[in-house]
Amino acid sequence: MARGGVIGTPGNSLALQYEIRLSELAASARHGGPSIERTAASFEMLDELIPQLGVFQRVTKRIADELHAAVYSDVYTASGRKGGGRGKEQLPYFTLAQRQLKKLEDQMKKLEDEIASLKEQLYTCEAELEKVNTDAEGLRHSLRDRDNKMHELSAELRSCVAECDRLKKVATQHQRSDERMKREADYHVHTLQNTIQTLNEEKSSLTTYKNTHAKLQDVLAKTKHSNLPPEKTRPPATQKVSARDQQFD
């Protein structure tokens with residue numbers, strides 16, 4: 001701001017002029033807080049009043065400088081001047097604070113939007129997690145059922161293996177028994193064949209003996225018949241067959 005200046009027309013009441021200017025500034029204020037225009041106008045009026053204070057001029061000047069240093073920062077910005085020119089204007093601290101507050105509010109709004117988005121994503125993730133947990137619980141139940149089924153199948157498999165081993169042993173025993181019975185049958189067959197052969201040989205011998213005996217009986221009968229008288233002829237002895245001869249008929 002430009003400090004130092006001359007006020008109004010001589011003869012007018014300075015106090016009334018300042019009150020009117022302050023009223024106009026208050027009426028033009030867009031909000032109740034401090035503004036750059038009102039602060040600059042207040043320091044400008046203070047600079048105009050200092051030369052009118054007489055012995056208090058120096059003290060008031062120092063007080064005004066202290067207030068100016070307390071209110072205005074070291075930050076400058078380009079601003080319009082009366083008459084169309086442009087220059088640098090020193091910014092008060094409250095303006096920087098307002099800008100920083102606005103920036104923080106914008107950041108807060110952005111963070112709130114991000115938090116809302118994150119909350120929505122969190123809600124979606126929680127819903128998906130709940131679904132995943134439900135699916136996982138279903139899979140755990142399915143795995144338990146499969147484990148139980150596997151245990152049952154394993155038990156059945158062990159039972160089948162044991163039954164197969166038992167059947168193999170029984171089959172081996174039956175095979176050994178069959179082999180033993182076959183050997184015994186072969187032995188009996190061989191024995192019977194030998195017995196039949198022996199009996200056939202005996203039969204052949206007895207048949208030969210029978211035939212020889214029959215021939216001998218015929219010869220004896222014929223001899224006896226030829227020696228007897230004709231009227232006392234007997235039946236030939238060949239008509240009588242002994243019990244031993246009947247065994248071979």
Side-chain angles (χ1 to χ4, degrees), residues 1-140:
M1 60 174 283
R3 301 197 59 194
V6 181
I7 67 169
T9 305
N12 292 337
S13 173
L14 293 177
L16 181 59
Q17 291 182 23
Y18 291 138
E19 288 180 3
I20 292 173
R21 290 177 63 183
L22 290 172
S23 297
E24 290 175 351
L25 289 173
S28 63
R30 289 175 293 181
H31 51 79
S35 67
I36 297 177
E37 293 81 6
R38 288 164 56 194
T39 302
S42 297
F43 274 104
E44 184 178 354
M45 286 186 287
L46 182 60
D47 289 339
E48 292 174 355
L49 282 173
I50 289 175
Q52 310 297 327
L53 298 178
V55 296
F56 296 102
Q57 178 178 353
R58 186 174 178 180
V59 175
T60 307
K61 178 69 169 57
R62 293 185 63 182
I63 294 172
D65 291 340
E66 290 293 333
L67 292 174
H68 187 274
V71 171
Y72 283 92
S73 67
D74 295 332
V75 179
Y76 291 82
T77 182
S79 63
R81 287 183 177 179
K82 293 180 180 180
R86 296 191 62 82
K88 291 184 178 181
E89 183 177 3
Q90 196 173 6
L91 295 178
Y93 285 111
F94 63 80
T95 299
L96 297 179
Q98 288 174 351
R99 291 181 179 179
Q100 187 65 23
L101 180 61
K102 180 64 169 59
K103 183 178 179 181
L104 291 175
E105 289 177 349
D106 293 340
Q107 292 179 352
M108 183 66 70
K109 180 65 170 58
K110 182 179 179 181
L111 289 175
E112 288 176 353
D113 294 339
E114 291 178 356
I115 289 173
S117 177
L118 290 174
K119 285 182 177 179
E120 185 176 356
Q121 294 178 10
L122 179 61
Y123 176 78
T124 303
C125 290
E126 287 176 349
E128 292 178 354
L129 180 61
E130 182 67 21
K131 183 178 182 299
V132 169
N133 289 333
T134 302
D135 295 341
E137 185 64 24
L139 289 175
R140 282 193 289 270

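This chain uses plain numbering: 1 for the first residue, then up along the sequence.
- Taking both residues in full, the closest heavy atoms of Tyr72 and Ile36 are given as OH-O, 4.5 Å, listed atom of the first, atom of the second, then distance.
- Residues meeting the side chain to side chain contact (heavy atoms under 4.5 Å, CB included) test with Tyr93, sequence neighbours left out: Ser73.
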Tell me which donor-acceptor pairs under 3.5 Å the side chains of residues 105-113 have, and how far apart each pair is, sequence neighbours excluded?
unit_1, atom_1, unit_2, atom_2, d
Asp106, OD1, Lys102, NZ, 2.9
Asp106, OD2, Lys102, NZ, 3.0
Lys109, NZ, Asp113, OD1, 3.0
Lys109, NZ, Asp113, OD2, 3.0

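- No side-chain heavy atom of Glu48 sits less than 4.5 Å from a side-chain heavy atom of Gln17.
- We find the CD1-CZ distance between Ile50 and Arg58 to be 13.0 Å, quoted to the nearest 0.5 Å.
- Minimum interatomic distance between Tyr18 and Met45 (heavy atoms only, all atoms of both residues): CD2-SD, 3.5 Å.
- Under the rule for a side chain to side chain contact (heavy atoms under 4.5 Å, CB included), the partners of Arg99 that lie at least two apart in sequence or sit in another chain are Leu91, Thr95.
- Taking Glu137 as the reference, Arg140, His141 meet the side-chain hydrogen bond (donor to acceptor under 3.5 Å, both in side chains) condition, with sequence neighbours excluded.
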Return all side-chain donor-acceptor pairs below 3.5 angstrom for residues 115-133, not counting sequence neighbours, or 'none' if the list is empty.
unit_1, atom_1, unit_2, atom_2, d
Ser117, OG, Gln121, NE2, 3.4
Thr124, OG1, Glu120, O, 2.9
Lys131, NZ, Asp135, OD2, 3.1
Asn133, ND2, Leu129, O, 3.2

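- Atoms CG and CG, from Leu46 and Leu67 in turn, are 7.5 Å apart once rounded to the nearest 0.5 Å.
- The distance from atom OG1 of Thr60 to atom CG of Asp65, rounded to the nearest 0.5 Å, is 11.0 Å.
- With sequence neighbours excluded, no residue forms a side chain to side chain contact (heavy atoms under 4.5 Å, CB included) with Glu66.
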